[in-house]
Amino acid sequence: MEPSRHLPVTLSVNGSQYPILIEPRRTLLDALRHDLGLTGAKKVCDMGDCGACTVIVDGKAMYACLLLAVDCDDREITTIEGLATGNELDPVQEAFIRADAFQCGFCTSGQIMSLRALLDANPEPDDDQILRAVTGNLCRCGAYPNILKAGRLAADLQAQAASNGQ
Amino acid sequence: MKPFDFARPETIEDAVAMLDARPAGHANGSALLAGGTDLLTLMKADLSAPDRLIDIKRLAELDNRIEEDEEGLTIGALVTLAQLEEDPRVTALYPALAEASSLAATPQLRHMATIGGNLLQRPRCWYFRNPHVHCWLKGGDECQARQGENQRHAIFDISPCVAVHPSDPATALLALDATVRLRGAAGERELPIADFFAPPTAERCTETIIRGDELIVAVRLPAAQGWRSTYLKAMDRKVWAFALVGVAAALRVDEGRVIDARLALGGVAPIPWRAEAAERLLAGSDISAEVISHAAEAALDGAQPLAKNAYKILLAKALVRRALMALSG
């Protein structure tokens, strides 16, 4: 067997194109963090058991640790770094600050990406839908009550921004 | 993860030609990549170390669609659990499958995981998943779970391995009388899901009879006219856990009389477990609390718990009763 080759891949992340040369075994998470320098998606369990690496791929929340980067070469990827516009935070980020929805913060980028994906698909979620959207994101500090509040607030902030924009 | 080559064939025929006929589940050779949610965890733990991954997600012939015709529903192998959870035809006609899919894993995993891969996933037994334990299923001499920490393990002793099958949808598909369509070097074949799963044996240390040169093309469900179904799952936390016990029940009832019944249990055996004695007892009966109670007893008849999992018998009986009550109400 020949040694594994590096493959050319172009990752489309937060609207930018990143041509890179990688081994097939490189996960999307490692490619984001090491090849692209985007460390917002966290590497914690690396086995799909915690949710800290959650990113949005083609509109859906997924675990970057269980995707191969070579498998993502024509997919639209959004990471936490892609949410804010200049100094203006995304409504979900703003809501996490206002609702005090984190303590240590390690799971936070994953929680925010899950709620961002929820609000993209459903701008007016009820409490069950908010909680269900973050069932795949563990918070060991136990910030869940405020994460729920942040989900509600994010929906409100997003609706306000939309009506102000009209 | 060990290094591997990455192939992206254009046709199923090309993909199949890259496989070999050894039993599926062997450590080396080529492996198929779809959602990757089980395969990558196996590879990261060095439980699987393929020389080559074959990406089948972009095969034009392999479907990620659900199609309905007069014979029932055809679910392409690449359909995700998220699709099954939300598809209006599945939720309306095959609720057990929609419920089982929605109770599996997490939103992120359900967006990634395909039904084909879900049926082929390997057990979550902590001895099997531990790279430092050489258990029977990995070619070792003994099953450490038999005398060890077997709280999560099988109560029907049908294999040297006592790991339980981890899939929720598989249990539902068994109760819904699904068939699995396979394509391999020798052509296509379709078989009842009850024959697709088989307890691991010394010659075949896997949970299905799929050959190494075959892939799942589709799962098919018969027309659901007159059937009601449901799936209930007991977990040790409210979400994101594998089933301690799962129960899928399907009934065809006419004016209080059960015409036909199918009952499947998950978390109790190395494969999804069909409770045929209970089905026979239900068929033709006038549904009542007493009949349901007898059916629950019959469903667990023959169970032989290990030292630490007798609780599963009570749990399974309660879930069977609850599922049948819900369907007869």
Side-chain angles (χ1 to χ4, degrees), chain A residues 1-9 22-30 45-75 110-111 113-115 117-118 121-122 128-138 144, chain B residues 1-8 28-58 64 80-83 85-86 102-113 117 121 124 129 131 235 237-242:
Chain A
M1 200 90 211
E2 286 174 39
S4 145
R5 288 165 299 144
H6 283 61
L7 296 177
V9 172
I22 47 162
E23 274 195 87
R25 64 175 162 167
R26 199 122 176 106
T27 61
L28 175 62
L29 179 60
D30 285 339
C45 74
D46 203 29
M47 284 295 241
D49 287 330
C50 78
C53 67
T54 301
V55 297
I56 299 176
V57 180
D58 291 339
K60 295 181 179 2
M62 296 188 188
Y63 295 145
C65 74
L66 293 185
L67 288 165
L68 294 176
V70 288
D71 203 16
C72 296
D73 61 354
D74 53 2
R75 304 172 89 176
Q111 305 274 5
M113 295 314 288
S114 286
L115 288 175
L118 170 71
N122 174 8
D128 284 345
Q129 289 165 329
I130 293 170
L131 287 172
R132 192 164 167 73
V134 292
T135 49
N137 296 83
L138 294 187
Y144 295 110
Chain B
M1 257 191 290
K2 300 222 162 55
F4 53 84
D5 280 334
F6 189 76
R8 198 169 267 165
N28 304 103
S30 293
L32 300 173
L33 174 71
T37 55
D38 190 46
L39 181 62
L40 260 63
T41 62
L42 292 166
M43 290 170 61
K44 287 181 185 202
D46 285 336
L47 301 178
S48 174
D51 302 321
R52 177 169 57 184
L53 282 197
I54 303 170
D55 180 13
I56 55 169
K57 273 193 306 304
R58 298 160 201 241
N64 63 355
T80 62
L81 299 196
Q83 284 174 271
E85 169 186 7
E86 290 163 7
S102 77
L103 287 165
T106 69
Q108 291 94 323
L109 289 166
R110 293 193 294 272
H111 286 141
M112 302 164 75
Q121 67 183 305
R124 307 304 299 196
R129 291 276 167 172
M235 293 178 265
R237 58 186 183 193
K238 198 174 173 187
V239 292
W240 200 1
F242 289 94

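Lettering of chains follows the sequences in order, A, B, ..., and the numbering in each one begins at 1.
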Q: In terms of heavy-atom pairs under 4.5 Å, which option from L118(A), D49(A), T27(A), D58(A) contacts chain B the most?
A: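 Top count of heavy-atom pairs under 4.5 Å with chain B: D49(A).
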Q: Roughly how far apart are L68(A) CG and F6(B) CZ, rounded to 0.5 Å?
A: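 Answer rounded to 0.5 Å: 6.5 Å.
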Q: Could E86(B) and K60(A) be called an ion pair, given the rule that one side-chain N must be under 4.0 Å from one carboxylate O?
A: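 A salt bridge is absent here (no side-chain N lies under 4.0 Å from a carboxylate O).
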Q: Is it the side chain or the backbone of T54(A) that comes within 4.5 Å of chain B heavy atoms, both, or neither?
A: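 Side chain of T54(A) only, per the 4.5 Å heavy-atom cut-off to chain B.
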Q: Could you grab the distance from atom CD of E23(A) to atom CZ of F4(B), nearest 0.5 Å is fine?
A: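 Those atoms lie 8.5 Å apart.
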Q: Grab the two heavy atoms, one from M62(A) and one from H111(B), that are nearest each other, plus how far apart they are.
A: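 Shortest heavy-atom contact: CE-O, 4.0 Å.
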Q: For chain B, find which of V57(A), L7(A), N137(A) contributes the most heavy-atom pairs closer than 4.5 angstrom.
A: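 Answer, by heavy-atom pair count under 4.5 Å with chain B: N137(A).
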Q: State the CE-CZ distance between M1(B) and R26(A), to the nearest 0.5 angstrom.
A: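 Rounded to the nearest 0.5 Å, the CE-CZ separation comes to 10.0 Å.
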Q: Where do R132(A) and P107(B) come nearest, in terms of heavy atoms and distance?
A: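 Residues R132(A) and P107(B), closest heavy atoms: O-CG, 3.3 Å.
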Q: Salt-bridged, D74(A) to R8(B), with N to O below 4.0 Å?
A: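 Looking at D74(A) and R8(B), the cut-off is not met.
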Q: In Å and rounded to the nearest 0.5 Å, what is the SG to CD distance from C53(A) to Q108(B)?
A: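 Answer rounded to 0.5 Å: 8.0 Å.
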Q: Looking only at heavy atoms, which two atoms of D73(A) and R58(B) are closest? And how far apart?
A: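 Of all heavy-atom pairs spanning D73(A) and R58(B), the closest is OD1-NH1, 3.6 Å.
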Q: Count the heavy-atom pairs under 4.5 Å between each of G36(B), A82(B), A105(B), S102(B) and chain A, then report the option with the highest count.
A: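 The answer is S102(B).
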Q: What distance do R25(A) atom CZ and D5(B) atom CG have between them, rounded to the nearest 0.5 Å?
A: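 So the CZ of R25(A) and the CG of D5(B) are separated by 12.0 Å.
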Q: Pick one of side chain, backbone, both or neither for A117(A), based on which atoms fall under 4.5 Å of a heavy atom in chain B.
A: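 It is neither, since no heavy atom gets under 4.5 Å.
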Q: When only pairs under 4.5 Å are counted, which of T135(A), L138(A), L67(A) shares the most heavy-atom pairs with chain B?
A: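 Among the listed options, the one with the most contacts to chain B is T135(A).
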Q: At a 4.5 Å cut-off on heavy atoms, which part of T80(B) comes close to chain A: side chain, backbone, both, or neither?
A: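 Neither part, no heavy atoms under 4.5 Å.
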Q: Compare every heavy atom of L66(A) with every heavy atom of L109(B), then report the nearest pair and how far apart it is.
A: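 Nearest pair, atom of L109(B) first, then L66(A): CD2-CD1, 3.9 Å.
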Q: Who among D55(B), T41(B), T37(B), L39(B) has the most heavy-atom pairs with chain A under 4.5 Å?
A: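 Heavy-atom pair counts peak at T41(B).
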Q: Please flag which part of L33(B) lies under 4.5 Å from any non-hydrogen atom of chain A: side chain, backbone, both or neither.
A: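 The answer is the side chain of L33(B).
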Q: Non-hydrogen atoms of chain A under 4.5 Å away: do they reach the side chain of K57(B), the backbone, both or neither?
A: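 When you check distances to chain A, only side chain atoms of K57(B) fall under 4.5 Å.
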